[in-house]
Amino acid sequence: MLCILLLYGGNIARYLVWPPMWNLDNENPAATSFMEYRQAQWLAEDKNIKVSWTWRSLSRISPNLRRAVIVAEDSTFWEHHGFDWQGIRVAIDKNIDRGRLSAGGSTITQQLAKNLYLSPEKSFTRKLQEAILTCRLEMNLSKERILELYLNVVEWGKGVYGAEAAARRYFGVSASALTKSQAATLAAMLPDPLRRSPDSRVVKKLEAIILRRM
């Protein structure tokens, strides 16, 4: 039992120092753990899905999309230090009601940690790992850099990663040219990008709500 506890603790504690983040401030990741997870999943399912991913600096991503994503995903992004405690309390209540770990109450920084280093798996252990990585990201990077990384690596459909690829795929424009409506549509897709499309009923409904909040 002691060995099991030590192994479990070590599996979590290693994220205090690994992976290194010193280079994230000025170097863009060549890939993410989330992307590698998806590729392995497609390989196992014998699916040939082309990956669309083009990096864009924050200054080349429309302010409309930046605002829409923050409004939809993490309204206190500029104020918190990685965690939205009120959102976490709401998520805990939902999980208790449902009897399973479904709602996460994740901030943009938490989602970035998951995308860069972890997987879509939902478990208590992964949430602890995510929490450690979130603290490290907030300590090592500016808010602007965290948002830039997130908007460039987040999944926006099968094989679609980042704002530029999403803007091109769904609207045929660059990320810098997204209108308010287009930006709100993309933001509405983020909670479930593999199932939501721009013309789906739930996305249209959420788009209107996001536009009002913007």
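Reckoned from all heavy atoms, side chains included, excluding hydrogens, waters and symmetry mates.
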Non-neighbouring partners of R145 that pass salt bridge (charged side-chain N to carboxylate O under 4.0 Å, His left out), sequence neighbours left out: E148

Contacts of S33 that satisfy side chain to side chain contact (heavy atoms under 4.5 Å, CB included) - sequence neighbours left out: none

Return all side-chain donor-acceptor pairs below 3.5 angstrom for residues 39-46, not counting sequence neighbours, or 'none' if the list is empty.
from : atom 1 : to  : atom 2 : distance (Å)
Q41  : OE1    : R38 : NH1    : 3.0
E45  : OE1    : K47 : NZ     : 3.1

Apart from M139 itself, residues in the same hydrophobic cluster as defined by side-chain heavy atoms under 4.5 Å: none

Partners passing side chain to side chain contact (heavy atoms under 4.5 Å, CB included) against W22 (at least two apart in sequence or in another chain): P20

Can I get a per-line list of side-chain donor-acceptor pairs under 3.5 Å for residues 202-210, giving both atom names and the distance, sequence neighbours left out?
from : atom 1 : to   : atom 2 : distance (Å)
E207 : OE1    : T185 : OG1    : 3.1
E207 : OE2    : S181 : OG     : 2.6

All pairs passing salt bridge (Lys or Arg N to Asp or Glu O under 4.0 Å) where residues 179-200 contributes a residue, at least two apart: none

Partners meeting side-chain hydrogen bond (donor to acceptor under 3.5 Å, both in side chains) with S57 (sequence neighbours left out): S59

Sequence-distant partners of P63, side chain to side chain contact (heavy atoms under 4.5 Å, CB included), two or more places apart: R66, R67

Residue list, salt bridge (charged side-chain N to carboxylate O under 4.0 Å, His left out) with E164, at least two apart or on another chain: R56, R168

Parallel, tilted or perpendicular: ring planes of F34 versus Y37, cut at 30 and 60 degrees: tilted

Set of salt bridge (charged side-chain N to carboxylate O under 4.0 Å, His left out) partners for R126, sequence neighbours left out: E130

Residues in side-chain hydrogen bond (donor to acceptor under 3.5 Å, both in side chains) contact with S174, at least two apart in sequence or another chain: S176

pair N115-L149: side-chain heavy atoms closer than 4.5 Å: no

